[in-house]
There are 2 protein chains.
Amino acid sequence: MQTREKEALDGETLSEAAYKRLRRDIIIGARPPGERLRIEKLKAIYAIGPTPLREALQKLAQDGLVLSEGNRGFTVAPLDPAEFNDLNVARTAIEKEALRLSIQRGGDVWEARVVAAAYIMSKEDAALAAARDSVTDSWERANTEFHAALVSACGSNWLLRVRAGLHDLCERYRRVSVYQKLGSRDLATEHAEIAEAAIARDADRACNLTEQHFALTASALAESDFSGDGRHLDRRTA
Amino acid sequence: MQTREKEALDGETLSEAAYKRLRRDIIIGARPPGERLRIEKLKAIYAIGPTPLREALQKLAQDGLVLSEGNRGFTVAPLDPAEFNDLNVARTAIEKEALRLSIQRGGDVWEARVVAAAYIMSKEDAALAAARDSVTDSWERANTEFHAALVSACGSNWLLRVRAGLHDLCERYRRVSVYQKLGSRDLATEHAEIAEAAIARDADRACNLTEQHFALTASALAESDFSGDGRHLDRRTA
DNA sequence: GAATTGCGATATGTCGAGAAAATGAAGCTG
DNA sequence: CAGCTTCATTTTCTCGACATATCGCAATTC
């Protein structure tokens, strides 16, 4: 009886724990793009031995969040506008297909989840428009759930898995972008319209809106000049 | 496209070597679906220590070719018809989008590559139709290159990366399927028509043909009863 | 004075052994 | 006889230390 609960918490291997913690730290920007990830340093920070750390880094490299060079160690993947466009093309294609399938196949529980996510999202969008400081984490959570809810009924776990991976890769860019071009966008309306079209089962409209939604983020980001060149910059302004 | 030949071999990490060898062995079926991958055993087979092996297995788990369970080791991912359908939905969506973009953006070198790949493919298709025994490897290579050539000009490295991953996952299924339902298909014509439509810049037709092409493989496989249950492990038969 | 080359220092990659966990079987209890 | 507990075996996971490769620096040579 206790075993189950303890397993879920304690039974996690250090390798998995390191993977999750590193992943999160990279996505939120705690480990800036281009930073070299030396094992000794990470060992001190996370209090984990070299083996689990290496395993975590290999997995992250497979995800595309970390670059692994031959015998030259690991670095946080740099942030490059060109690569984001690239990434966005792939993400948009997958999101549209998943959305179309989801609208086609979704039932009551799907609708309910979308409605609930849209409700939260509207609140977060409003909060973000008002004060753009401490909202990020909860806004990102809401945004993630909002889009995840929309495609959740698509019926293909692999489509969802790929989508989730690309979503996470984009999140790093998004966290840089959202602040900068915030004034000129009406995220609340964009999100509301997408949800509305999805519930109304208007797949074409929902897909078009989503495409525009992603494209706006992409164009906003194209103008951003985040210094993600690959040089190891130690600190960034929070 | 590969890097320097000798350095790539000498400077290659054991971890990478193990990854490549295991990956290939799993895809071609040398390590059957459901097989438990015990470290000690692999150590003996590949003459590599536990650490590089574990790193390779973690990466393969990230790819979806291997399942990694908590403290219970690794197993080759089972082959399940339902999952193949799932996989095929994702693959079809991505392939179609990449193909559309590629047809739109491809230039002379792209056309040349497609023509060349189609030429090889026609020969391999003919050979496969004639004698269905030892053709597999070269046929698979041709098939891989054929479809890769078609989408190569899509302009998004991430789209290609995701596509390649799904392609590899499907290859295991394909290797089981192609033989069984071979008689009822005309692969040569299917491939030729796709290439023709692509060169003619008829994106809609090329996408539709590709979708059918994939769907045929999927339906052929749905009837196959490969024992990918995870049952027949390396357990000695009583 | 510039380029090269050899050497030292740092970091990465790999191995073997030990700790933690799971599996399976025997023994005990009701 | 069934179900639970206990214990031994097997396997996985983690750590520390060694071997190997890379990078920076200084000395040497043309």
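Chain naming here is simple, since letters A, B, ... match the order of the sequence lines and numbering starts at 1 in each.
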Peer 1: Nearest whole Å is fine: how far is C:dG13 P from B:Y19 OH?
Peer 2: 16 Å

Peer 1: Polar atoms only, N or O, under 3.5 Å: list the protein pairs with nucleotides 14-18 of chain C and their distances.
Peer 2:
| from | atom 1 | to | atom 2 | distance (Å) |
| --- | --- | --- | --- | --- |
| C:dT14 | OP1 | B:L14 | N | 2.4 |
| C:dC15 | OP2 | B:G49 | N | 2.8 |
| C:dC15 | N4 | B:T51 | OG1 | 3.3 |

Peer 1: Whether B:R36 engages the ring of B:F74 as a cation-pi pair (distance to the six-membered ring centre under 6.0 angstrom, angle to the ring normal within 45°) should be assessed.
Peer 2: no

Peer 1: Under 3.5 Å, is there a donor-acceptor pair between the side chain of B:D25 and the main chain of B:A30?
Peer 2: no

Peer 1: Let me confirm one number: the CG-OG distance from A:L87 to B:S156, rounded to the nearest 0.5 Å.
Peer 2: 7.5 Å

Peer 1: Would you compute the distance between atom OG of B:S15 and atom CZ of A:R54 and round it to the nearest 0.5 angstrom?
Peer 2: 6.5 Å

Peer 1: Has the side chain of B:R172 got a donor or acceptor atom that lies under 3.5 Å from a matching backbone atom of B:A77?
Peer 2: yes

Peer 1: To the nearest Å, how far apart are B:K41 NZ and D:dT10 P?
Peer 2: 16 Å

Peer 1: Looking only at the side chains, is there a donor atom on one of A:E124 and A:N143 sitting less than 3.5 Å from an acceptor on the other?
Peer 2: no

Peer 1: Got a second to check how far A:D168's CG is from A:R91's CZ, nearest 0.5 Å?
Peer 2: 10.5 Å

Peer 1: Donor-acceptor check, side chain of A:W110 to backbone of A:A149, threshold 3.5 angstrom: yes or no?
Peer 2: yes

Peer 1: Which listed nucleotide (D:dT11, C:dT12, C:dG13) is nearest to the side chain of A:N71?
Peer 2: C:dG13

Peer 1: Any side-chain N or O of A:R72 less than 4.0 Å from the OP1 or OP2 oxygen of D:dC23?
Peer 2: yes

Peer 1: What is the distance from CD of A:E40 to C1' of C:dT12, rounded to the nearest Å?
Peer 2: 10 Å

Peer 1: Would you mind reading off the distance between A:I39 atom CD1 and C:dG13 atom P, rounded to a whole angstrom?
Peer 2: 7 Å

Peer 1: Using both pair distances under 3.5 Å as the test, note the stems of at least 3 consecutive Watson-Crick or G-U pairs that include DNA chain D.
Peer 2: C:1-30 with D:1-30

Peer 1: Distance check needed: C:dA22 C1' versus B:F74 CZ, whole Å only.
Peer 2: 15 Å

Peer 1: Would you check if the side chain of B:Y19 reaches a backbone N or O of B:E55 as a donor-acceptor pair within less than 3.5 Å?
Peer 2: no

Peer 1: C:dT10 P sits how many Å from A:L37 CG, rounded?
Peer 2: 20 Å

Peer 1: I need the CG-P distance between A:L53 and C:dA11, as an integer number of Å.
Peer 2: 15 Å

